[in-house]
S.K.: 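Sharing a structure with you now.
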Amino acid sequence: MSALLSYIRVDSPIHRLNGATKLIIFLVWSLTGMISLDARVLVIMLITGITAFRISRIKFRDIAFVFTFISMFLLLNFITIYLFSPEEGVQIYGTRHVLFSISQRYTVTLEQLFYELTVTLKYYTVVPVALLFVLTTDPSEFASSLNRLGISYKVSYAVALALRYIPDIQTEFKNISHAQQARGIDLSRKAKPWTRLKNMLAILMPLIFSSLDRITVIANAMELRNFGKKKKRTWYSARPFGRNDAGALIFVLLLSAAVIIFTFYDGTRHYNPFL
Amino acid sequence: MGNIEKASASDNIAVKFKDFSFRYNSQKEPTLKNISLTINKGEKVLVIGPSGSGKSTFGHCINGLAPHSYKGEVTGTLEVMGKEASELGIFGASEYVGTVLQDSDCQFIGLTAGEDIAFAMENECVETGTMRQRVLAAAISVDMDKFLASNPFQLSGGQKQRVSLAGVMVNEVDILLFDEPLANLDPATGKYAIELIDDLQKQSGKTVIIIEHRLEDALHRGADRVILFDDGRIVADLPPSELLAGSLLEKHGIREPLFISALKMAGCGVRAEDNLQNIASLSIEAHKEKLLGWAGRGTGRTKQAAEQDLLEVRDLAFKYKSGTRAIKDISFSVKKGEMLAVIGKNGAGKSTLSKLICGMERPDSGSIIFEGRDITRDTIKERSLRIGFAMQNPNHMICKTMIMDEVSLGLKARKIADDIIKDRVEETLRICGLYPFRNWPVAALSYGQKKRVTIASILVLEPKMLILDEPTAGQDHKHYTEIMEFLKELNERSGITIMMITHDMHLAIEYTNRAIVLSDGIKIADDTVAAILSNEEAINSANLKKTSLYDLAIRLELEPELLIQRFIEDEGVKFHL
C-alpha cells in the first residue's frame, strides 16, 4: 500500500543531498517563485524543477493523486480570480484585447488569460520542488537538518515523528473505516455527501483514541531511552555536508538571483508581451 | 568483618523494595501495596499476575516511569543498584535499567534498525562516528549487522526483538526489564524471544526481570524465581516448580502450563520435586503409567459439524498493489454452525484472507460462495448483511459514547424504523449479557465488556457468520475465558458460524474443532486441531510452536495426536460442566 506524501526510499543524487540543503533550496525556490511574475523565467524554473524530479527517480504515479488534487485546487483558484477580478490583466498590462464577452461585467481578454496562466504557472514551479523535498528527505535526517538550522531538537523530532506516522495513521484509518463499512456505515461514494461526511466524523473518535494510545507508548519508549536528557543530541542519520550540497546550493542561489534580476530589470514583476 | 559482609551483601542487590506502596493520582486505592522484595544481581526473575494486579506498575517503578511519567504517590523505599529510585528519575534509572517494551510497532523510534539501536546514544550526544561503530558492535552481538539499513517494519518478529535488545544493550545497563515481551508475538517467535533473553543472561550475567502473564511460554527456559502479584500485593515468591505444584495459580487467575493440566487430568499428584518448570525438566518416570492409562482411554471421536456449507472459498488469489503476493490459490469451506480458527505466523495472509471474505479487498481471481450464492462481486456493505467482522481492539471500533447508540448504529444506517431498532437492540444486548448496562456510557465498561459491545453491534445486524481478528490478544486468563466462553455460548445457542484469526494455540485447542493453517499466503493444513498440533511440518512452516502436550506425548512415546485429542475431550468435559 503506497502512502500519500511520505518519504520514498530510493537512491538518487537528490536523495543523497543533505536534508538542510534541500530545506534551504525549497525555501529559496518558493520565495523566488512567489516574487516573480515573469512568465519567461517561471517557465525556466518549471523546466529545471521537472528535470530535478526526473533525476530523483520518483515515479509520477506515486504523486499522481496529489498532483491531481493540486491541479483541481489551482483550477478553482483560476476561476475564483476571474470571478472576483475579471479586469486584473487589463490593469496590469495596460492594453485590452477582447476575445469574447460573457456579460457586461465578464469579458474574456487575452491579458486576463495571460495573467491567470502566469499565476498558475507560478504555483506549478513550486510544486515539483515541494514534492521533492517531502518525498526524498528521510524524516530523521530532516529532523537533524532542522536541528542544524538552529531549531530545538525536540521540535525537530516532533516534526519528524509526525511525518513518519502519517502512513501508519492512514493505514489505521483505512482499517477502521473498513470495519465500520462492514457494519453498514456507508463511507463509499454511493452515500450522500452529507451522510458520508457525518460517517467519516464518526470514525474520527476511534482514530483519535488509537493515535493517543500510540503517542503515550512512543513517548514512554523515547523517555526510557533518554530522549530529552541533555540540551543537545547527535544524529545517527546525519549526513555530512558534501560537495554536491555546495554545488546544488550555489546553483539554486545563482538561478534565483538571476531570476530576480531578470524579473525586475524593467522595473515591474511582470513580463508584458502586449507592448 | 561484620561490616564488610554487610557491604558485600548490599553490593549484591540489584533492586530492593521496602514497604513500598504506589498510588496513581487518578486512582483512589494504591496499585502497589506494601511491597517488600529483593532481587539480587544476576538473578532471572519472572513476574506474573492477572491484568490490574500491579505487575506492570511494579516494572514502571523500577524504570522510573512511575512516578515521573505516570504521576502518583510513593511511600516506602525503592533502591535500584543501591541508589534511591526517587532521586534517579527516568534518565537516572536508565543508566542501570534497560526496558524492552511489548513488541508493538510503536516501540521502534528509529526509521532503520541502525538508527533505532543508536537512539539512546544520540540522546547522550555520542559523536556520529563513534556511534556508528558502537551500533555495529551491538548489532553484531545480536546477529543483526546485515540489517542495519532495514526498515523495522520489514523485519520479522524475531528480528525486531533482537533490534530492541541491541537498542537497550548499547548503554551497558545492569538490569534488563522486559514488559510483556510475548504479548504480540506468534508462538514460535515468543519461544525464540525467551531463548534469546536466556542466552543473553547466561553470557552477560545481567539481572533479568520478565513481566508476563503467559507463564508457560515464559518458563520455557526456566527462571530462578517467580513472583506472583494479585491485587497490588505479592502473593507468592517461589521457585517455579514449587509454585506450579501448589494451587496459587488457579486461585489468582493464571493459566497453568498445558502439560501440568494433563498431569492433573490423568490423576497424577504434581509435586515440586518433579521439576515442573517446563516439559524438558519434568521428571516423568513416576507418572508414566497413569498418563499412559489416561491417554489410552480417549474415545478418538471429534464433534461433527453439520454437513451444510455456509461459505466456500474457491481458488482465491490476491496481490497487493506493491506487488506482494498475499494469498495464493486458497480453497476451503466452512460448515454452518462451525467454530474454527485460521492460524499462521504474522504476515502469513490471515488478515488479508478475512479482508477478502468481508469485501474490504477484491481478489484477483477465484470466488467466494455464501449459501450457494456467488458474493465475489458484492460490496462490503452488501456482505455485511451476512458476514460480520470484529477488529482486534474494541476501542478501534466504538464510535459512540453510549452503549445503546453504539449497538444501534448499524441499524440506523440501514434506515430501519425506530421501534424495530429498539426491539432488536434490546434483544441483542440480552444475548450479550449487556442488558443491565444498556444506558451506560461505553467508557465505564471493562475491556472485555467493550469487546462484547462491538460484537453486539455486529450481531444486531443478524449476520450468519462472524469473523474475529485476534479476539483475545493481550488478555489475561480471566478476560480470555470471559470473551471465549461468551463466543462459545453464542455459537451454541444461536448457531452463528464463528471464524477466528489467531496465533493463540490454547484458544485453538480449547474452543475450536478445526483449524486452517496459512503460511506465506498458502494453505498448508486444514484439519482437526489435534492433528495439526501433531503435524511437525505444519507447525514449523506456520511458526506455531509444539505445545508441551506434543512434547509430553513424545516423552511418553505416544502418538501426539492421541494425547492431544484426549486432552481436548477432557477440556470439553470441564467446560460443559
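Order of the sequence lines sets the chain letters (A, B, ...), proteins ahead of strands, with each chain counted from 1.
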S.K.: Does the Lys NZ or Arg CZ of A:R183 fall within the cation-pi geometry relative to B:F389 - under 6.0 Å from the ring centre and within 45° of the axis?
M.R.: no
S.K.: May I ask you to check whether over 12 heavy atoms, not counting those of A:R16, lie within 6.0 Å of atom CZ?
M.R.: yes
S.K.: Quick one: are A:M222 and B:I109 in side-chain contact, heavy atoms under 4.5 Å?
M.R.: yes
S.K.: By a 4.5 Å heavy-atom criterion (distance strictly below it), what part of B:K400 contacts chain A: side chain, backbone, both, or neither?
M.R.: backbone
S.K.: For A:Y236 versus B:G114, what's the shortest heavy-atom pair and its separation?
M.R.: CE2-C, 3.5 Å
S.K.: Contact between A:S237 and B:L111 at the side-chain level, heavy atoms closer than 4.5 Å - yes or no?
M.R.: no
S.K.: To the closest 0.5 Å, what do you measure between OH (A:Y153) and CD (B:E122)?
M.R.: 10.5 Å
S.K.: Do A:W235 and B:E115 make a side-chain contact, defined as non-hydrogen atoms from C-beta onward lying under 4.5 Å apart?
M.R.: no
S.K.: Chain A heavy atoms under 4.5 Å from B:N171: which part of the residue, side chain, backbone, both or neither?
M.R.: side chain
S.K.: Considering only heavy atoms, which portion of A:N199 lies under 4.5 Å from any heavy atom of chain B: side chain, backbone, both, or neither?
M.R.: neither
S.K.: Heavy-atom pairs under 4.5 Å with chain B: which of A:L224, A:T216, A:I176, A:I203 has the most?
M.R.: A:L224
S.K.: Looking only at atom types and distance, does a side-chain atom of A:T234 sit under 3.5 Å from a main-chain N or O of B:V126, one as donor and one as acceptor?
M.R.: yes
S.K.: Taking everything shown except A:K229 itself, do over 12 heavy atoms lie less than 6.0 Å from its NZ?
M.R.: yes
S.K.: Please classify the contact between B:Q392 and chain A as side chain, backbone, both or neither, with a heavy-atom cut-off of under 4.5 Å.
M.R.: neither
S.K.: Is the backbone N or O of B:V168 less than 3.5 Å from a side-chain atom of A:R225, with the two atoms forming a donor-acceptor pair by type?
M.R.: no
S.K.: What do you reckon, is NZ of A:K230 surrounded by more than 12 foreign heavy atoms closer than 6.0 Å?
M.R.: yes
S.K.: Let me know if B:T454 has heavy atoms under 4.5 Å from chain A in its side chain, its backbone, both or neither.
M.R.: neither
S.K.: Do you see a donor-acceptor pair shorter than 3.5 Å between the side chains of B:H396 and A:E172?
M.R.: yes
S.K.: Classify the angle between the aromatic ring planes of A:F227 and B:F119 as parallel (below 30°), tilted (30 to 60°) or perpendicular (above 60°).
M.R.: parallel
S.K.: Please tell me if the side chains of B:I380 and A:Q180 come closer than 4.5 Å, counting only heavy atoms from C-beta onward.
M.R.: no
S.K.: With chain B, which of A:I215, A:N175, A:L161 has the greatest number of heavy-atom pairs at distances under 4.5 Å?
M.R.: A:N175
S.K.: If I measure from the heavy atoms of chain A, does B:E95 come under 4.5 Å with its side chain, its backbone, both, or neither?
M.R.: side chain
S.K.: Near B:R377 CZ, under 6.0 Å, is it more than 12 heavy atoms from other residues, nucleotides or ligands?
M.R.: no
S.K.: Between A:S210 and B:N393, is any side-chain donor less than 3.5 angstrom from a side-chain acceptor?
M.R.: no
S.K.: Select, from B:N63, B:L65, B:I117, the one with the greatest count of heavy-atom pairs under 4.5 Å involving chain A.
M.R.: B:L65
S.K.: Going by heavy atoms in the side chains, are A:N220 and B:Y70 under 4.5 Å from each other?
M.R.: yes
